[in-house]
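Read the structure below first, then the notes.
Counting starts at 1 for both ligands and their atoms, following the listed order. Remember, it's a predicted structure, so these values are computed and weren't measured experimentally.
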Amino acid sequence: MDYSFFHIAQILGGTPLVRHDTLITRLLTDSRSLVYTDETLFFALRSSSNDGHRYVRDLYHRGVRNFVVSDFLPEFSALKEANFLTVPDTLVALQQLAAFHRNHFALPVVGITGSNGKTIVKEWLSQLLHIDYNTVRSPRSYNSQIGVPLSVWQLNEQHTLALFEAGISQKGEIERLEHIIRPTIGILTNIGQAHQENFNSLIEKCQEKLQLFTNSEWLISCKDQKLVEQCIEESGLSCHRFTWGYSESADLQIQNIEKAGKSTSIRCIHNDQAYQYTIPFIDDASVENSMHCLATWILLEEIMGGKRIVPAILTGRMNKLEPVAMRLEVKEGRNGCLVINDSYNADINSLSIALDFLRRQAKDKQMDRTLILSDILQSGEKSEILYTRIAQLVKDSNIQRFIGIGDEISQHASRFDTTTSSFYETTEEFLQSETWKKWKNEVILLKGSRKFHFEFLSEQLESVAHQTILEVNLGALVHNFNYFRSKLRPETRIVSMVKAFAYGSGAVEVARTLQQQHCNYLAVAVADEGVELRREGITIPIMVMNPEANSFNLLFEYQLEPEIYSLNLLNLFIRSASRQGITHYPIHVKIDSGMHRLGFGETDLSELLSLLSSNDHVHVQSVFSHLAGADETRFDDFTHQQAAVFSKCAEQIEQACGYPVLKHILNSAGIERFSEYQFDMVRLGIGHYGISAINSPEIENVCTLKTTVLQVRHVKAGETVGYSRRGVLTRDSVIAVLPIGYADGYDRRFGNGVGKVWINGKTAPVVGTVCMDVTMIDVTGLDVHEGDSALIFGDQLPLAEVAASIGTISYEILTNVSRRVKRVYFQE
Ligand SMILES: *Cc1c(COP(=O)(O)O)cnc(C)c1O
């Protein structure tokens, strides 16, 4: 299917403005992902938190010429060579286009939905079937209202099987996805609590999801899930059913499941035909996922295709199923390198997503880009075509150094830029070459099929492994940022507070992520923190909350904007600016509206006003104040009073200045509870990390503190554990030793049973006192072994509860995690 801009305009309706009709092959919805400008159509999408119309002009200057918008803004008139299509709703248009595209293909389309396992079932089906079919599938977990149309757009005439997943978080969404995917075979994986907040009950959510199969021929599900069964019966769906489970009435009936060591053997039967296979996993979810895959396979081959699955092929492929890595992790490497290890299947779609991630990381840091790539999973395409496309992708992504590892990719070496590329037959050969030891300050992306064992590579490239780490989920951070943004008017600006090493999570990575999210301002506590951000390539405005007089020159040099909270400080700053001949330097004036920490009081106001109106060395960029109790209802009257005092002072200052001045008073709790006081800007801090003053279920955990069991020992009743013999054992116990102590930020108050650690799916109490570098926990009966992972806080042990258990607040727990604990960042 070829589309021209004009053709698309006809399909979508709306008002076209066509200057030069061109071919369209690529759809773009996120301006940051731009690689190719040719044949690209940008959809300017609007959400509660962002607006694609803002990026049209920038994209035009970078070479994009085709746009779908919902508002033709006056500034677009200057973009003389661009084609525009104006439609009422750009997201609807994107979905319409994908639905139109889908309707041109008659291949089997597997549509997967459910609460858990969607991505894994899809990926495993692809691992099992890509030899027999030319498959197309959703990249990673592209299952949203935007992800699904982009996935379906990849469909072309060569494909013989499509695997798409659909995820929903609220009512009404699935119907739109149904029009786009039109699955011929549906899979409902299961129904659980995920994304429950917008549904009244599990039944309601299940019924909603079932609508994906309104026009399907077949529906695959697990017969043992009573709720799902009941919903399907009541749904009135007319498709054929294919079920699996222990139940006697299941079409594919499980007869035996046996777990041994690291694998599970499964025996089941369909129409008197027995199937037996082993998967290299032991968790129940993997068994369930594999059954969905087998059911789909039987349906495609035996029921719809009329040929039996060969037992040896079944055993062979099931045995080789690979875990699906869902995240892209960035780790610090040797010599200032960053290492991105993407062990997700090595195929061309996930490669282009990973390259996009690589480009963004490298661009912010202005570092060189290196890609190490193994042979790629065949996609049914001829290898000449595949590697020509990959070579092009590598070129377009401005990779400064390319390493190909494997027989096949080596055979195609001539397709790659010879000056920057080198090839090795095996991973060992590359490791032995030792060339990588000299690499400095590069971002290195590792992308390898599992059999190439790139984990040996990443071990070498990463710096020394620490046993205690703070994991920071940047995806969740962005999610929370957008949650708070959705509480505000679209034009209200956001200052992200990244003081104190971004609440312990690492200022540079967090700032970089927020800068990409178009946050307007950052705020740090002291000048040095701001200097570090500038050196790391942060370009958005930065406010310094506690500027010291001896740091003013640093402020000027690095474009950092001080908070000014007293007449004395203002006088010093003006003097310093005037000595350097600086005029109109942006400052932020702090009002004390009742917190009585820093700030100008009402009595200082007249002198402040006359100073401001009588000199031109400073420019009041904003005036602000801080709430003392925005998170507690008992202080609500006081909060209103603070807002009133602030509002009055801010107006007087603005008048004295004679120009508009940004005003702000809300912190995280304030945004959730007093959005009426958002003025022009707000200051978001702890909210980034998933702490909500109204306990919103929409928020996600960001930081996870983890450690690893160093040693396990059996200690008899009556013995004691640790210093001062405080941990007295009343029974024979098993004690695990963890490499985390108060020097890592694990507070001594957690000692003697107060603190709990999450290990092997249960909590285990701290025994005895917390030492400087080590803590002991009681794991009696928990089957804990050396090397097991233990969680200090995170999803299963919420930060707020951990803090409350020792009478403190999340802020203190987070900022106490010491700098020696390595921060590991990832994005879902
Ligand atoms: C730290 C800080 C904030 C952010 O507060 P949260 O409660 O973390 O949202 C806002 N304003 C000022 C002045 C701060 O110092």
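One finds a salt bridge joining Arg512 and Glu509 here, because a Lys/Arg side-chain nitrogen approaches an Asp/Glu carboxylate oxygen to under 4.0 Å.
Legend: residues meeting side chain to side chain donor-acceptor pair (under 3.5 Å) with His640, ordered by chain and number and at least two apart, are Tyr677. Every side chain to side chain donor-acceptor pair (under 3.5 Å) that Gln516 has, sequence neighbours left out, goes to Asp364.
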Distance-only criterion, 3.5 Å: show the donor-acceptor pairs between side-chain atoms of residues 523-530 and protein atoms not counting sequence neighbours.
unit_1	atom_1	unit_2	atom_2	d
Glu529	OE1	Ala525	N	2.7
Glu529	OE2	Ala500	N	3.2

Measure from every N or O atom of ligand 1 to the protein's N or O atoms and keep only the pairs below 3.5 Å, writing each with atom names and distance to 0.1 Å.
unit_1	atom_1	unit_2	atom_2	d
ligand 1	7 (O)	Tyr811	OH	2.6
ligand 1	8 (O)	Tyr503	OH	2.6
ligand 1	8 (O)	Ile686	N	2.7
ligand 1	9 (O)	Ser668	N	2.8
ligand 1	9 (O)	Ser668	OG	2.4
ligand 1	9 (O)	Gly685	N	3.1
ligand 1	11 (N)	His626	ND1	3.3
ligand 1	11 (N)	Arg683	NE	2.8
ligand 1	11 (N)	Arg683	NH2	3.3
ligand 1	15 (O)	Lys499	NZ	2.6

- Message: The test is ring-ring contact (aromatic ring centres under 6.0 Å, His included); show your working for Tyr55 and His518 and say whether it passes.
- Response: CA-CA 11 Å; Tyr55 311 111; His518 310 286; 4.4 Å; yes
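Phe552 places a side-chain heavy atom less than 4.5 Å from the side chain of Leu569.
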